There are 2 protein chains.
Amino acid sequence: MSHSSAPRKTPGRPARISREDIIGTARRIVTEEGADRLTMRRLAQEVGSTPMALYHHVRGKEELLLLLLNDYAERTLHRPALPDQPRERVVVAAAAIHDVLAACPWIVEVLTADDLMSTTALWFVEQIVDNLVECGLTPERAVHGYRAIWYYTAGEILVRATAARRRATDDQPTYRERVFADLDPGELPRLARLSGRWAELTAEDTYRDGLRALVDGLLAS
Amino acid sequence: MSHSSAPRKTPGRPARISREDIIGTARRIVTEEGADRLTMRRLAQEVGSTPMALYHHVRGKEELLLLLLNDYAERTLHRPALPDQPRERVVVAAAAIHDVLAACPWIVEVLTADDLMSTTALWFVEQIVDNLVECGLTPERAVHGYRAIWYYTAGEILVRATAARRRATDDQPTYRERVFADLDPGELPRLARLSGRWAELTAEDTYRDGLRALVDGLLAS
DNA sequence: TTTGGTTTCTATACATGTAAGAAAAATAGC
DNA sequence: GCTATTTTTCTTACATGTATAGAAACCAAA
């Protein structure tokens, strides 16, 4: 579509599609029709190529989704105004990442990435680590603290997203509901007493509370 | 294999395989040859049936893995001796769950379960919630606290397991390594200074430290 | 022009999960 | 014994990710 004249310098057959084409088209499919519709065949057809040609620009579907996630983060993750207190900065930076990712429903299959590693996202990591140091942690403990925050954040998003997906798919009552329906109050009194409200309680969004608790605890030690 | 005489009471074609057969055989395949080898076709062949017959005893592969996980938890998760302090009880109960799950390499695909819900595992949940209340939290906050612990735990296992899998699969340097290799010290000074030690630092097992911090923070608020 | 090398693209094939529906094997009522 | 009903099993077919092998399109040298 693009380059026309400009004498080529590399040998070999010239590429008809680029990684950017692929990612762009993939993004369009995903935003317009949802992540289910993104198949390698469909994507190939849409960029005017064959499925296996994609594999010369992208290692496989997993990498494609990872690239898509980075692309998404790059364009929707914006640096927020940070508060004065270092501790609050940690909270704000983590919550900003969380909110953007949580709003991205197709994320589940990729989010087990080791870290989020787009250039934009790294700024947030920097803020978290730096402000943890600012609060008195050694750099080593600050990194560990960041990792704990990332585990908590990724876990929250993954668990909630999967639960939501299951609820949407299954017509039947959940396994959880069945188990909670007949708890033995003798064996598990606390859960039995809470069983009626469990669904409601776990549905509440308490990400920030947990995050604050975690940051507090990291700084207290 | 089992029932012989005993006049049947239900109408319909009698079942030749049972859910227990399926789970047992699946467990054998997974423990002997790894989770990759567990396919519906292979499993069907092994129980002496056809793939689609399995679907009358199990909703699909995802449910099968969930059942397998519960089965695994049921037989390897044993109630530990709990310390005296309620706060330490929370830590010990959570760490017990964590350690059993983390030792289970095929877990990744299922762990996004809403909670771990085998009967045995619920005892641990009970301990966590109960002792959080014992420490002064309201029952509501105790449930939220348990959820935060679960998010952190599931996230840790998932992220670490996936990272390990990626390292095992990929021969090429990780995306992370490439990004960390050329960080701009002007933009991200803290990360740039730590970049050489990042892999080493994130490889350390700091689950318990983070857990303690989280529990401390939950109780401090 | 021909030959060789390099890169990209295409065709074909396979393994996998599972949807749809027909067939089989039992019971219940007559 | 015969038919209707119910439950389980089997057959077939499809969508998907991707491995493999080779064809196609470009450059550079002979």
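Source: prediction; values computed, not measured. Proteins come first, then strands; the chains are lettered A, B, ... in the order of their sequence lines, and each starts at number 1.
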Item to check | Position toward the 5' end of DNA chain D (nearest nucleotide), B:P51 or A:D36 | outcome: B:P51
Checklist outcome for this item: In whole angstroms, the gap separating P of C:dT16 from CD1 of B:I29 amounts to 12 Å
Item to check | Pairing of B:R27 and B:E74 as salt bridge, 4.0 angstrom limit | outcome: no
Checklist entry - Of all the choices, D:dT18, C:dT8, D:dC10, which nucleotide is nearest to the side chain of A:R13 once you look at every atom? => result C:dT8
Checklist entry - Of the candidate nucleotides C:dC9, D:dC26, C:dA25, which contains the atom at the shortest distance from the side chain of A:P14? => result D:dC26
Checklist entry - So, are B:E46 and B:R37 salt-bridged, with charged N and O less than 4.0 Å apart? => result no
Next on the checklist: Could you check whether any side-chain heavy atom of A:V100 comes within less than 4.5 Å of a side-chain heavy atom of A:Y72, counting everything from C-beta outward?
Outcome noted: yes
Checklist entry - So, is A:R41 close to the D:dT18 phosphate, meaning a side-chain N or O under 4.0 Å from OP1 or OP2? => result no
Checklist outcome for this item: Closest to the side chain of A:R16, out of C:dT10, C:dT6, D:dT8, is C:dT10
Checklist entry - Are OP1 or OP2 of C:dT10 and a side-chain N or O of A:H56 less than 4.0 angstrom apart? => result no
Item to check | Whole angstrom value for the distance that separates C1' of D:dG17 from CG of A:L65 | outcome: 12 Å
Checklist outcome for this item: The nucleotide from C:dT10, C:dG17, D:dT6 with an atom nearest the side chain of B:M40 is C:dG17
Next on the checklist: Just N and O in the side chain of B:S49: are any of them under 4.0 Å from OP1 or OP2 of D:dC10?
Outcome noted: yes
Item to check | Whole angstrom value for the distance that separates P of D:dT20 from OH of A:Y55 | outcome: 13 Å
Item to check | Spacing of B:L54 atom CG relative to C:dG17 atom C1', expressed in whole Å | outcome: 11 Å
Checklist entry - A:L64 CG to D:dG17 P: how many Å, rounded? => result 10 Å
Checklist entry - In whole angstrom, what separates B:L43's CG from C:dG17's P? => result 10 Å
Next on the checklist: From CG of B:D21 over to P of D:dT9, roughly how many Å is that when rounded to an integer?
Outcome noted: 10 Å
Item to check | Salt bridge A:E204-A:R197, side-chain N to carboxylate O under 4.0 Å | outcome: no
Next on the checklist: I need the CD-P distance between B:Q45 and D:dT11, as an integer number of Å.
Outcome noted: 14 Å
Next on the checklist: Under 4.0 Å, counting only non-hydrogen atoms across every strand here, what does B:T39 touch: a base, just sugar-phosphate, or nothing?
Outcome noted: sugar-phosphate
Checklist entry - Going by an N to O cut-off under 4.0 Å, is there a salt bridge joining B:D130 and A:R193? => result no
Checklist entry - Hey, which of these two, B:M52 or A:I17, hits DNA chain C nearer its 5' end, going by closest nucleotide? => result A:I17
